[in-house]
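Throughout, residue positions are numbered sequentially from 1 according to the sequence presented.
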Amino acid sequence: MREKELRFALICYGGISLAVYMHGITKEVWRLAAASRAFHERRAVDGSCAVYRDLIGAIEANSAVRLRVLTDIVAGASAGGINGIFLARALATGQSLDPLTDLWLDDADVDSLLDPDARPLSAATKFWAVPIAGWAMKKRGNVIDRTVGEAAQEEVRAKLSRFVRARWFEPPFGGEIFSGLLFDAFAAMDAGPQGPALVPDGQPVDLFVSVTDFAGHSMPLSLNSPPRVSEQEHRLILQFRRGGAPGSDLGDVPALATAARATASFPGAFPPFTLREIDRVIEKRKIAWPSRDAFLQVQLPASDEADPADRVLIDGSVLANAPFRPAIAALKQRPARREIDRRFVYIDPKPDFRSISFGKPGAAADGGEPRLPGFLSTILGALSEIPREQPIRDNVEAIEGMSRRIRRMQRVVDAMKVEVEEQVAALFGSTFFLDTPTPARLAKWRARAQEQAAARAGFAYAPYGHLKLSAVVEELVRTIDRLSPAEGEIHRANRRRALWDEVRARGLDRISGRKGAGASGDAIDFFRIHDLGFRIRRLRFLARELDAAVEATRDGRDPVCEDMRKAIFAALGLYLEREGDNWLAGLDVPVDTAPGDWIDAIAQRRDLVAADAEADILIAAGLAALPKDDRRTLLLAYLGYPFYDIATLPLLQGEGFDEFDPIKIDRISPSDATAIRTGGAAAMLKGIEFNSFGAFFSRAYRENDYLWGRLHGADRLIDIVASSVADALGADDLAATKRRAFHAILDEEEGRLPKVAGLIAELRGEIGQE
């Protein structure tokens with residue numbers, strides 16, 4: 001049985017009260033991960049989990065592909081940041097998201113969020129606003145009449161009246177109230193059911209939360225003249241990881257609550273956030289935060305404030321509503337013990353709906369010159385919509401650029417294959433492939449192939465070697481910075497410069513050997529003990545050749561090939577775990593350690609030479625079990641890889657990619673989930689009203705949006721899972737799976753959502769029989 005992992009990097013947009021809708025979607029992402037784990041552990045599950053479990057089973061039965069589904073990267077802003085935080089914690093700990101649903105439905109409400117000091121003291125409070133609000137709400141055909149069910153209209157009118165009569169020129173919602181609700185949510189998760197973590201042991205879970213640094217922090221820039229300037233940077237990404245360092249661990253509840261409160265500090269609705277607010281809340285609740293100082297050091301860059309706890313943070317979606325960039329960077333250090341299908345999945349709750357129409361440019365009614373936006377339209381659009389709703393084209397193009405370089409590399413490799421195979425065959429002689437590939441022979445053959453590839457590359461080896469050297473040294477720089485965070489940008493730059501000075505002092509500034517041929521002895525020794533990237537690329541290449549050149553010749557699945565694949569990924573795991581920070585945790589190196597000592601300490605802890613010996617045993621055993629022709633094909637690929645790498649590493653700009661195949665991007669939104677209804681957010685969601693604050697005014701609104709979130713999540717996730725294994729399910733089977741998932745969700749939620757009983761009845765008719 002062929003094994004494959006479908007991995008999600010999930011990006012959650014901001015959406016204000018549409019957070020409730022996104023909770024429904026992230027709940028389905030969590031249930032899909034739980035179903036995948038249950039399938040492989042042969043455990044029974046119920047509800048939509050059971051549908052996902054059966055979907056994975058049907059894919060296996062129809063394609064002989066054993067699929068695992070997991071989410072290991074989560075990034076979010078504002079409302080999406082809150083949902084991303086809860087999801088990442090649930091994935092990493094095995095906790096349930098179910099306890100959060102009642103909190104969203106009950107507490108994500110204007111009456112719960114209003115600051116006590118902002119509540120109207122009497123019916124006469126701001127008396128002059130009452131008739132204005134009343135006229136707006138009672139005018140025939142008003143937004144409440146159009147969008148709110150008759151049973152909920154009085155609730156919305158009453159809450160909107162209180163909201164309008166709240167204090168003006170100060171945020172109506174309470175910061176400490178919001179922070180308290182966040183701590184209530186984490187407590188509910190802690191007290192709820194808990195199962196196994198939904199990612200394998202050793203698999204990192206990375207969380208990125210965007211916030212906006214109101215005052216900004218100084219970032220240095222290097223120019224020609226003057227040589228150094230600085231600019232104020234306002235974008236800030238808070239980063240967390242399962243098993244991370246103090247201040248950045250997914251188990252640190254006060255740190256996560258801080259990130260959630262800061263990222264959703266919507267300007268004008270909530271007061272700006274500082275850490276003092278969290279300090280007051282945890283003091284009242286008697287919650288300890290031993291890693292507070294570490295959080296300040298790790299997460300907040302140096303600034304002009306005397307105390308970083310006074311740093312003012314506001315909503316993350318002001319500048320980074322779709323934080324793709326940190327998620328892309330997190331593709332490094334991802335362990336892979338089987339084939340990977342990497343997806344970037346982003347949740348956009350209203351892609352085709354603009355919150356406010358201030359009067360867009362358009363043709364004049366009399367056919368004259370186009371109408372320009374007015375004074376207020378321009379100001380309000382610049383301050384509200386435009387920063388929050390910028391397109392993600394740059395991010396998509398960056399991902400496509402990565403995939404394009406990978407595809408280009410694959411084409412170059414395919415074109416080189418005949419010539420490289422001839423070179424390797426000539427190097428080892430015609431009898432070489434009749435020998436048994438023992439570990440000792442494999443080690444000897446590898447060394448000779450690498451030496452000859454360098455020598456035969458001629459002058460082309462020097463730029464390749466310097467590119468490899470740069471990749472290795474920069475990886476060491478990043479590793480040291482993670483193990484011992486720099487005190488600021490200047491410290492980081494000085495430490496990087498000192499590391500390069502040490503590398504040059506060791507004679508590595510001359511990569512080529514004598515007379516420009518091959519590699520120098522110093523370079524060979526350095527790469528032998530430090531070049532993780534080459535080893536990882538070689539094994540990923542071998543896995544691809546197994547698929548494309550060996551298994552492609554079979555009519556069905558061959559157990560011998562599957563054993564070879566397991567050997568390749570087991571060997572790959574030896575190197576990937578050494579690349580991760582967990583392998584280096586506890587490295588006893590003082591903060592003021594010299595660069596050379598850092599280099600040697602990391603080399604000693606990783607011990608790549610010992611890993612090579614273990615990998616040789618695994619690969620030799622897998623090769624020996626293959627038929628002679630297949631063994632020859634894979635040996636040609638494995639030993640010939642240095643020739644390929646010299647040609648292809650420049651195409652990858654010196655990086656290489658841990659996940660070798662092109663990356664795909666999928667969207668989850670009301671406009672894409674069309675199995676039940678079409679029409680996008682305007683046709684289904686209530687939270688889009690009142691500039692996306694709508695769901696804060698009505699429980700019925702929240703029940704509606706939460707239910708649609710679950711249904712849309714199921715609709716799109718089933719599509720995405722099925723697309724990972726081509727032709728495993730036909731259109732009819734896919735439609736039947738969706739109907740079953742929809743009914744399971746309605747069955748689960750019918751008792752909890754009394755305000756939308758009519759909608760549930762309508763949906764059952766639209767969905768049809770299972």
Side-chain angles (χ1 to χ4, degrees), residues 1-4 64-65 336-340 406-453 456 534-573 575 612 615-649 656 660-661:
M1 190 69 64
R2 182 177 182 179
E3 293 191 341
K4 186 175 186 178
V65 175
R337 298 183 183 276
R338 52 188 63 86
E339 181 183 353
I340 304 298
I406 292 172
R407 288 192 292 267
R408 186 183 303 146
M409 176 198 68
Q410 291 173 345
R411 288 195 294 270
V412 169
V413 165
D414 292 340
M416 291 176 61
K417 184 172 291 187
V418 172
E419 183 177 349
V420 170
E421 289 180 352
E422 289 175 352
Q423 292 266 359
V424 177
L427 181 61
F428 290 100
S430 59
T431 60
F432 154 71
F433 295 106
L434 302 178
D435 293 336
T436 303
T438 64
R441 288 173 179 167
L442 202 59
K444 187 183 299 183
W445 296 338
R446 276 194 297 100
R448 188 177 178 197
Q450 288 171 217
E451 177 188 344
Q452 288 300 307
R456 298 183 186 195
F534 173 82
R535 293 159 164 96
I536 292 169
R537 294 192 299 273
R538 179 173 59 197
L539 287 168
R540 291 199 185 282
F541 175 73
L542 186 63
R544 178 175 179 258
E545 287 302 293
L546 175 64
D547 288 342
V550 176
E551 278 202 310
T553 65
R554 306 291 201 271
D555 294 330
R557 294 295 172 194
D558 187 338
V560 176
C561 291
E562 196 56 42
D563 288 343
M564 184 68 218
R565 177 177 288 101
K566 290 177 181 177
I568 293 171
F569 280 100
L572 186 59
Y575 299 115
D612 291 340
D616 287 337
I617 293 171
L618 291 165
I619 298 300
L623 289 170
L626 289 170
K628 185 172 68 173
D629 289 344
D630 295 332
R631 186 193 317 146
R632 178 183 188 277
T633 298
L634 292 185
L635 274 169
L636 283 169
Y638 190 60
L639 300 179
Y641 183 72
F643 293 89
Y644 294 115
D645 200 49
I646 289 171
T648 59
L649 189 63
F660 195 74
D661 294 312

Which atom pair, heavy atoms only, marks the closest approach of F643 to Q452?
CZ-C, 4.5 Å

Looking at every heavy atom in both A425 and L636, which two are closest together, and how far apart are they?
N-CD2, 4.4 Å

Would R537 and T648 satisfy side-chain contact (heavy atoms from CB on, under 4.5 Å), going step by step from the backbone distance to the final call?
CA-CA 11 Å; R537 294 192 299 273; T648 59; over 6 Å; no

I need the minimum non-hydrogen distance between R631 and A624, along with the two atoms involved.
NH2-O, 3.9 Å

For a quick test of reading the model, state the closest non-hydrogen atom pair linking F541 to A637 and the distance between them.
CE2-O, 3.5 Å

Among all residues two or more places apart in sequence or in another chain, which pass the salt bridge (charged side-chain N to carboxylate O under 4.0 Å, His left out) test with K417?
E545

Which atom of L618 lies closest to which atom of A567, heavy atoms considered:
O-CB, 3.5 Å

Does R538 pair with D645 as a salt bridge, N-O distance under 4.0 Å?
no

Pairing residues for D612 by the side-chain contact (heavy atoms from CB on, under 4.5 Å) criterion, not counting sequence neighbours:
R446, R535, Y575

Step-by-step ring-ring contact (aromatic ring centres under 6.0 Å, His included) determination, Y641 to F534
CA-CA 9 Å; Y641 183 72; F534 173 82; 5.5 Å; yes

Please walk me through it: do L539 and Y638 pass side-chain contact (heavy atoms from CB on, under 4.5 Å)?
CA-CA 8 Å; L539 287 168; Y638 190 60; 4.1 Å; yes

Worked verdict on R565 versus E562 for salt bridge (Lys or Arg N to Asp or Glu O under 4.0 Å)
CA-CA 5 Å; R565 177 177 288 101; E562 196 56 42; 2.9 Å; yes

Close side-chain approach of M564 and L542, heavy atoms under 4.5 Å
yes

Just to verify, which of V424, L442, L626, I619 counts as forming a side-chain contact (heavy atoms from CB on, under 4.5 Å) with L635?
L442

Heavy-atom closest pair, residues I646 and A453:
CD1-O, 3.5 Å

Rounded to the nearest 0.5 Å, what separation is found between the CG atom of L427 and the CD atom of E451?
9.0 Å

Any side-chain heavy-atom pair from V550 and L634 closer than 4.5 angstrom?
yes

